[in-house]
Amino acid sequence: MTDSAKPTLMVVDGHSLAYRAFFALPVENFTTKDNQHTNGIYGFLSMLVNLIKAEQPTHLAIAFDTSRHSFRTDEYPEYKATRSESPQEFKGQIPLLQDCLAAMSIPVLTKEGIEADDILATLASQGAEQGYDVLVVSGDRDTIQLVNDDVTLLYPSVQGVSQLKRYDPTTVQERYGVRPEQYPDIAALVGETSDNLPGVPKVGEKTAVKWLTQFGSLDELIARADEIKGVVGGNLRDHVEDVRRNRKLNRLLTDVELPVGPADLEVAPIDAQAVRDIFARLEFRTLLPRVFEAVGAGEVADDPASVVVLPAPVDVAPADLAAWAAAQDGDVSLRVTTQGGVPVRIGAATLTDLREADWTDTAAEALREWIESDAPKVLHDAKPQVKALIRQGLRLRGLSYDTSLAGWLLRPSFPDKTLADLVERYLGEKLPEADPSQLVPETEGATPSQEAWFALRVADALREDIPESVGTVLVDIELPTLLTLADMEVAGVAVSHEVLSTFSGELATRAEGLAQEAFSVVGREFNLGSPKQLQEVLFEDLQLPKTRKTKTGYSTDAAVLADLQESHPHPFLSLLLQHREATKLRQIIESLDTAIGDDHRVHTTYVQTGSQTGRLSSTDPNLQNIPVRTEESRRIRSAFEVGEGYEALLTADYSQIEMRIMAHLSGDEGLIEAFNSGEDLHRFVGARVFGVDPSDVTPAMRTKVKAMSYGLVYGLSAFGLSKQLRIEQSEAKQLMVEYFARFGAVRDYLRASVMKAKEVGYTETIFGRRRPFPDLASPNRVLRENAERAALNAPIQGSAADIMKIALLHIHDDLRSEQLSSRVLLQIHDELVVEVAPGEWDATERIVRARMGDAAELTVPLDVQVGRGRDWNEAAH
DNA sequence: CCAGGCACGTA
DNA sequence: CGTACGTGCCTGGT
């Protein structure tokens with residue numbers, strides 16, 4: 001307990017505690033937009049703030065090591081020699097942490113050749129002498145020796161930095177069985193592996209305590225070492241010098257010459273603005289109020305970020321809102337709230353003025369001129385709002401910014417940002433939200449125009465942060481794509497319930513039959529869909545060998561079952577696989593069927609911020625994973641039909657777009673020639689790799705190089721390739737060697753591309769879309785290698801996504817500007833499905849071919865395959 | 001009622 | 001020990 005009459009001096013080992021925080025906190029949550037890692041800084045400061053709040057020190061200092069070199073390494077060069085170098089991404093955080101401490105007016109103490117713990121020891125000893133209650137905070141066990149009636153040690157428990165255990169003389173005695181000042185004797189006998197200080201073999205804490213209790217002191221023990229019997233006695237006598245050395249090295253210095261003493265360390269007022277500045281740079285949001293609270297400063301009120309004056313919304317009629325908006329010079333932010341896809345209220349804002357109106361019957365006409373004008377409009381998550389307007393017959397133009405898209409482009413690993421999230425991150429403010437747990441909420445949510453106002457300010461903040469190339473991607477690609485997707489989603493695609501339900505019925509019958517047959521083979525009934533019950537049957541009832549382990553048991557996936565069938569053929573396995581296939585198809589059909597609307601069409605939602613690479617994703621339902629591989633599964637595609645009033649479906653897909661991008665980016669002459677030769681790609685590559693004539697490339701050779709080529713794009717290893725092709729690893733390795741011997745520039749490009757990403761911390765597509773990769777610098781090998789493969793793939797997959805988006809929006813715009821009724825319905829990454837109106841086939845095909853072909857200027861041509869049919873399956877041929 | 005794990009569909 | 005996604009079922013927790 002601290003005596004309130006006495007001042008409290010708290011001295012902290014900054015290095016060891018920040019290092020623990022560094023490993024305790026996941027780096028992905030603590031990385032700024034310019035890829036500065038902050039987990040060590042955040043964890044340390046968070047702990048410090050809690051400590052200050054709990055202990056209320058009157059005097060405070062943080063000590064740091066200067067380098068590995070110290071008087072101890074002079075004495076014994078092996079000291080700490082086995083300790084691995086601390087990672088660069090930790091070291092880089094120390095200066096920033098010290099900047100934070102400086103802003104908080106907390107003295108940072110270092111001394112060349114002296115370790116942080118010696119500084120703590122010196123200050124603790126001076127403090128105790130001068131009448132302070134001393135708190136030592138350190139992660140090094142040697143500091144236990146400092147504990148006495150005036151000095152308490154706070155030591156991180158195994159749980160981590162958030163929990164500190166308090167050691168006074170009594171707790172030390174309870175825990176270690178000796179008095180604090182004897183602890184170094186124990187440590188000297190036992191040794192310290194982490195410091196590379198070997199002790200007496202076979203002697204652990206228990207023996208050491210026993211000896212010390214028996215002999216009273218280490219000197220006495222050594223003097224009478226002869227009295228100890230057995231192997232340990234011999235060990236002791238053989239290692240007396242080690243023990244003496246250990247004891248010498250683990251004694252902390254209490255007489256280090258320091259420029260300051262305890263009295264100079266009085267807690268001083270913090271520099272609030274400096275703290276705000278550096279925390280802003282490190283993107284700490286929640287820590288700021290905690291710091292201010294802990295130091296008891298009434299500073300929070302001064303924080304401009306927390307005193308936000310919301311302009312009051314002015315309620316007007318839609319026509320007045322439109323007139324007001326049209327009269328503004330710059331950006332006007334817009335927010336349309338909807339219910340069931342129908343507008344209910346509309347708000348608009350500039351930085352100073354807010355207007356809002358209920359959506360009335362005449363609203364559409366009153367707003368048309370402004371909404372459809374080029375006047376710049378800023379929205380957050382515009383697509384649902386644009387769709388609601390489309391259904392009212394209004395086509396929004398002049399979309400100048402979407403904060404949801406911009407936030408995603410800046411940090412694609414944090415998708416799906418709500419406006420509230422962005423307001424907190426980029427403005428450091430809180431978006432007023434109605435408490436959803438209450439029927440009549442006590443707190444009012446933001447009104448539409450207030451949300452628009454926040455979005456406008458977020459947009460301004462994002463514009464500051466976004467690199468130029470990423471801003472170009474937003475304006476030239478993403479915003480026009482958003483408007484295109486809105487049209488596609490509203491259009492939907494016609495799906496035949498009849499085709500689906502016939503197929504579903506067949507599958508249900510088949511699945512039931514397969515299940516019954518499977519049960520009779522096994523001898524009992526069970527749930528085929530339960531992995532748990534399935535494992536019982538496979539590995540217990542049927543006594544099949546255990547397969548690949550998973551977190552919860554053993555895998556039963558298709559690849560594993562196929563292997564099993566080969567090694568231990570059993571009729572059940574084939575029945576199970578067929579049953580899986582039938583039920584899977586049925587599930588897909590059912591979910592598709594329930595998604596068919598009153599208009600007999602299915603309206604998916606494209607999530608524009610749904611991937612980290614720039615691809616779209618599709619949900620409710622996902623129309624980007626409709627089966628295609630087997631003949632039977634393609635029956636589902638035949639349910640996607642041309643809609644009433646239209647003539648045909650047109651499908652258009654890029655062939656081998658990723659390999660073409662690879663050829664372009666790598667400049668590999670062989671690969672470029674492959675694409676310019678007109679020869680089948682895999683045949684051409686196979687001929688080169690196997691040194692035969694293209695006409696002599698066998699199907700097996702073609703399969704191998706095809707897998708290799710595609711694998712390249714994903715960062716495939718020889719191991720992975722051998723597994724996929726079911727060949728020996730040595731053969732896979734040889735295949736890779738031959739491949740790279742012919743297409744060396746590809747390997748050079750991939751290597752250089754990952755290297756560059758490591759250097760700058762992000763990858764970039766041909767069009768400037770970026771994806772940050774903090775894990776490329778991770779000390780964790782698994783994380784790092786995963787990041788390397790993703791970084792290898794990102795520019796390729798991302799550039800393909802960019803190209804398709806550009807083609808898509810050009811096609812969309814051309815169809816409209818040529819006043820055609822044909823319309824794009826679906827995008828499946830490298831394929832488009834277009835619904836063609838009567839008489840428009842030729843024009844539509846011309847536009848699609850031209851726009852897909854010229855979406856990017858690469859060193860190889862972009863090849864486009866077009867098909868026509870009454871349904872999707874037919875059109876694919 | 002929800003989250004995590006598994007399996008599996010697509011590019 | 002190959003990238004990027006979404007969905008449905010089962011399970012074991014709330």
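Within every chain, numbering begins at 1; the chains are lettered A, B, ... in the order of the sequence lines, protein sequences first and strands thereafter.
- Contact check on A:Glu788 versus A:Lys758 returns a salt bridge, with a Lys/Arg side-chain nitrogen under 4.0 Å from an Asp/Glu carboxylate oxygen.
- For the pair A:Arg771 CZ and C:dT3 P, the interatomic distance rounds to 10 Å; values are reported in whole Å.
- Classification of A:Lys383 and A:Asp402 as a salt-bridged pair fails, no side-chain N sitting under 4.0 Å from a carboxylate O.
- Contact check on A:Glu764 versus A:Arg769 returns no salt bridge, with no Lys/Arg side-chain nitrogen under 4.0 Å from an Asp/Glu carboxylate oxygen.
- As judged by a 4.0 angstrom heavy-atom cut-off over every strand, A:Val607 is placed among residues making no nucleic acid contact.
- Between A:Glu874 and A:Arg634 no salt bridge is recorded (no basic side-chain N to carboxylate O distance below 4.0 Å).
- For the pair A:Asn527 CG and C:dG8 C1', the computed distance is 13 Å after rounding to whole Å.
- Heavy-atom contacts from other residues, nucleotides or ligands closer than 6.0 Å to NE2 of A:His570 number more than 12.
- Using a 4.0 Å cutoff to heavy atoms of chain A, the contacted part of DNA chain B runs 5' to 3' from B:dG5 to B:dA11.
- Counting non-hydrogen atoms under 4.0 angstrom, A:Glu831 reaches nothing in the nucleic acid.
- Classification of the A:Phe539-A:Tyr554 ring pair by plane angle, with boundaries at 30° and 60°, yields perpendicular.
- Note on A:Glu785: nothing from the nucleic acid sits closer than 4.0 angstrom, heavy atoms only.
- One finds a side-chain N or O of A:Arg789 lying less than 4.0 angstrom from the OP1 or OP2 phosphate oxygen of C:dT3.
- The residue among A:Arg615 and A:Thr619 whose nearest nucleotide of DNA chain C is located toward the 5' end is A:Arg615.
- Within 4.0 Å of A:Ser633, counting heavy atoms only, lies no atom of the nucleic acid at all.
- Using a 4.0 Å cut-off between charged nitrogen and carboxylate oxygen, A:Glu731 and A:Lys704 count as a salt-bridge pair.
- Within the nucleic acid shown, A:Ile626 comes within 4.0 Å of sugar-phosphate atoms alone, with no base atom in reach, counting heavy atoms only.
- As rounded to whole Å, 10 Å separates atom C1' of C:dT3 from atom CD1 of A:Ile796.
- Nucleic acid contact class of A:Lys723 (heavy atoms, under 4.0 Å, all strands): none.
- Counting heavy atoms of neighbouring residues, nucleotides and ligands inside a 6.0 Å radius, atom CD of A:Gln729 exceeds 12 of them.
- Less than 4.0 Å separates DNA chain C from at least one heavy atom of each of the following residues of residues 576-591 of chain A: A:Gln587, A:Ser591.
- Counting to the nearest Å, the C1' atom of C:dA4 and the CG atom of A:Asp830 are 13 Å from each other.
- Note on A:Ser530: a side-chain N or O is less than 4.0 Å away from OP1 or OP2 of C:dT11.
- Salt bridge status for A:Glu536 with A:Arg524: present, with a side-chain N to carboxylate O gap under 4.0 Å.
- Rounded to an integer number of Å, the gap from A:Ile657 CD1 to C:dT3 C1' is 16 Å.
- Here the P atom of nucleotide C:dG6 and the CD1 atom of A:Ile828 are 16 Å apart, to the nearest Å.
- Atom CE of A:Met659 and atom P of C:dT3 are 18 Å apart (whole Å).
- Between A:Glu581 and A:Lys584, no side-chain nitrogen of the basic residue sits less than 4.0 Å from a carboxylate oxygen of the acidic one, so the salt-bridge criterion is not met.
- Counting any heavy atom pair closer than 4.0 Å across all strands shown, A:Ala558 reaches sugar-phosphate atoms only and no base atom.
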